[in-house]
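Structure first, commentary second.
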Amino acid sequence: MTIKEEVETRLAEVIKARYPENPIFPQIEPEKNPAYGDLSSNIAFGLAKILNNPPQVLAAEIAEAISGGIIEKAEAVRGFVNIWVSQERLCALLPEIEENKDNFCRSNFGEGKKVLLEFVSANPTGPLHIGHGRGAVYGDVLGNILSASGFLVEREYYVNDTGNQIETLGKSVKCRYLELYGERLEFPENGYNGEYIAEIAKKIRDEEGEGAKEKDIAYFGRLASEILLCQIQKTLSDSSVNFSSFFYESSLYERGEVERLLSDLSAFAYKKDGALWLATNKFSDEKDRVLVREDNRPTYYVADLAYHRNKFGRGYERLINLWGTDHHGYVERIKSGLKFLGCDPERLNIILYQLVTLKRGKELVSMSTRKGEFITLDDVLREVGKDATRFFLLMRKSDAHLEFDLELAKKESSENPVYYVQYLHARCSSILREAEQRGIPFISADKANLLLLKELEEHRLMAKISLFPEEIKEAAKLYQPHRIPLYLMELAGIFHNYYHHHRILSEDRELSHARLILINCVKAVVKNGLSLLGISAPEKM
RNA sequence: GCGCCUGUAGCUUAGCGGAAGAGCAUCGGACUCCGGAUCCGAAAGCAGGGGUUCAAUUCCCCUCAGGCGCUCCA
């Protein structure tokens, strides 16, 4: 049980004993303002209504009753119950952390439930850009968080390796390829214009010479999408984004799953204007959708439904899709379709993230794949570095627009938040090294006199690290990776302040021992946090 | 036109029913010392208008502003 949970339990006992008629379970919040304690509860406001008593009076009663044990002090202020955790309890946290180290953030919140997390799934028709990067990093970290919280997570990339856009890709590449031999083929209207298309064409010429001239568009499309997928995988691995599987759209056709889907849906489908429609409007969708086009080719929607049915069939408790907000119109379409298939749409959680605006100073940078002129995720990684790129992409909640300013990220590189947090880790490491050099041995927490850690700043620091597991659990519950960077920045602030006001290493050996243990625990928490974020925790900088 | 998301300090943004928080930029300070990639301080904010509530930045409605989507594209 975490400290916060212990306090919550104690508060609940007190409330139950004093006010048995109260149905509300008391909530406790971490307190940001040190003047208001470590934790606070607004329970008195809820009780006031039921008991017809002023909040301040009730808060005072509760504060009085709750004090003692792990609660050092409780104050009633304007109806709030402000709580200070006892020094003994906070100090007892340190051996716990020392023992668990890398597992301090772990919980069994997920109870081993199987989750499938699908993300990125960018079409293999061009390199990844910063928008894909956001989805990639968000998904990767969400996966880490859910795993740490006791879910069994699989991470999947759905590859759209068939259909119109691959055909367009094939045409574009073949066109550029033939141009290398001075031949002309009409460039497709919506063709891909990027420099990378010409490079793929050259690659094909270098490897196959004129032999590819006779090959059809599909051949070029397949080849190009394979090459591009490889490049995407390289970019993902350079970003430390991990997947457990790549699922190919084409495999749905090969196994006959698309055909089977169509026959299973036939009872709900109807012909109109030469096409086959599904009556999704019957459910939450705003209108019906085409399954099979007039020319007999199935739509992307059909394959996507087949894919989702496939996912439902694989025995996951929960499916999570991470989509760019430009796909939000697609949510109800999929959910409605799933109802026809007897799949419960409630088990499918679709998280939408807002798009990223890439800027260089005040200048907007274009990100259109079709037009060709754009900065790729590779470019950003090269320019800003993996750690900073990931940190910036993770700092914002998913439904906020994200502005990524390359100039800022570079210019401020010595003072930006990533380094602030990494510096915390390096500084802790450095202190531990210095202690060793000075011949101050590191002794284990159970042998040290931790009660010497009684400075206000030490109290705040321990209270903050005690909240780390809570933070991870909340992030898992709400799918909010951005809590971690923010938490780490706050922790760094509290630590640097402590460092500046108190000497860790001094003549007082006993005190030095105790403080070194605290430093070691802070270091473990930071490392834990950074590792969830997929960002390195340097010993030196 | 309809739908979804977003308007918090000069800029980038946390908080999302209870007591407005950071970073950058600006200005002013700090350590003969364990890493100055640090610390302390100042100034500055909930787009506007109505509701609901003991309590609204947070929930509901309207207005205004921005983004995205409304394909037999994916």
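Labels below follow one simple rule: chain letters A, B, ... track the order of the sequence lines, proteins then strands, and each chain is numbered from 1.
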Side chain of [X] (C-beta onward), nearest among [options]:
X	options	answer
A/Asp273	B/rC72, B/rA74, B/rA14	B/rC72
A/Asn164	B/rA19, B/rC68, B/rA74	B/rA74
A/Arg78	B/rU12, B/rA19, B/rG35	B/rA19
A/Asn42	B/rG18, B/rC72, B/rA19	B/rG18
A/Gln165	B/rA19, B/rC68, B/rA74	B/rA74
A/Tyr419	B/rU53, B/rA74, B/rA37	B/rA37
A/Lys49	B/rC34, B/rU53, B/rG35	B/rU53
A/Arg433	B/rA19, B/rC72, B/rG35	B/rG35

Integer-rounded Å distance: [N] [atom2] and [X] [atom1]:
X	N	atom1	atom2	answer
A/Glu332	B/rC68	CD	P	22 Å
A/Glu539	B/rA37	CD	C1'	17 Å
A/Leu402	B/rG23	CG	C1'	14 Å
A/Ile504	B/rG35	CD1	P	11 Å
A/Tyr353	B/rU6	OH	C1'	17 Å
A/Arg396	B/rG67	CZ	P	20 Å
A/His327	B/rC5	NE2	P	18 Å
A/Phe404	B/rC24	CZ	C1'	15 Å

For [N] versus [M], give the span between their [atom1] atoms, rounded off to a whole number of Å.
N	M	atom1	result
B/rA43	B/rC24	C1'	15 Å
B/rA19	B/rA56	P	10 Å
B/rG51	B/rC11	C1'	34 Å
B/rA14	B/rG21	C1'	7 Å
B/rG66	B/rU8	P	14 Å
B/rG23	B/rG18	C1'	27 Å
B/rU13	B/rC68	P	15 Å
B/rU58	B/rG49	P	12 Å

Nearest 0.5 Å, please: how far is CD in A/Gln165 from OG in A/Ser172? 11.5 Å
Using a cut-off of 4.0 Å on non-hydrogen atoms, how would the nucleic acid contact of [X] be classed: base, sugar-phosphate, or nothing?
X	value
A/Asn33	nothing
A/Ala275	base
A/Glu403	sugar-phosphate
A/Leu505	base
A/Ser506	nothing
A/His482	sugar-phosphate
A/Asp288	nothing
A/Ala426	base
A/Arg333	base
A/Arg483	nothing
A/His502	base

Between [X] and [Y] (salt bridge meaning N to carboxylate O under 4.0 Å), is one present in this structure?
X	Y	result
A/Lys477	A/Glu474	yes
A/Lys523	A/Glu539	yes
A/Glu383	A/Arg360	yes
A/Glu156	A/Lys311	no
A/Arg309	A/Glu257	no

Measuring to OP1 and OP2 of [N], would you say a side-chain N or O of [X] lies under 4.0 angstrom away?
X	N	result
A/His496	B/rC34	no
A/Ser430	B/rG35	yes
A/Lys397	B/rA14	yes
A/Asn497	B/rU38	no

Which nucleotide, in any strand shown, forms a Watson-Crick or G-U wobble pair with [N], with both distances under 3.5 Å?
N	value
B/rU26	B/rA42
B/rC59	B/rG51
B/rA65	B/rU6
B/rG1	B/rC70
B/rG21	B/rU13
B/rG35	none

Let me spell it out: for each of A/Glu31 and A/Gln480, pick the nucleotide of RNA chain B with the closest heavy atom. Which residue's pick is nearer the 5' end?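 Taking each residue's closest nucleotide, the earlier one in sequence belongs to A/Gln480.
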Specify the residue among A/Thr299 and A/Lys287 whose closest nucleotide of RNA chain B lies further upstream toward the 5′ end.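 Result of the comparison: A/Lys287.
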Verify the stacking flag for A/His500 against B/rA30: centroid separation must be under 5.5 angstrom and the ring planes must differ by under 30 degrees.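 No; centroid distance or tilt outside limits.
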Indicate whether A/Tyr420 forms a stack on B/rA37; treat it as stacked only if centroid distance is below 5.5 angstrom and interplanar angle below 30 degrees.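 Answer is no, no stack.
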Candidate pair A/Leu394 and A/Ile484, rule side chain to side chain contact (heavy atoms under 4.5 Å, CB included), full reasoning: CA-CA 9 Å; A/Leu394 288 165; A/Ile484 300 176; over 6 Å; no
Would you say A/Ile494 and A/Glu457 make side-chain contact, with heavy atoms under 4.5 Å? no
Among A/Arg333, A/Glu332, A/Lys335, exactly one meets side chain to side chain donor-acceptor pair (under 3.5 Å) together with A/Ser284. Which residue is that? A/Glu332
Side-chain donor or acceptor of A/His328 under 3.5 Å from a matching atom on the base of B/rG3?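 Check passes, donor-acceptor contact within cut-off.
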Using ring centroids (six-membered ring only for Trp), state whether A/Tyr158 and A/Tyr307 fall under 6.0 Å.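 Here the rings of A/Tyr158 and A/Tyr307 have centres that are less than 6.0 Å from each other.
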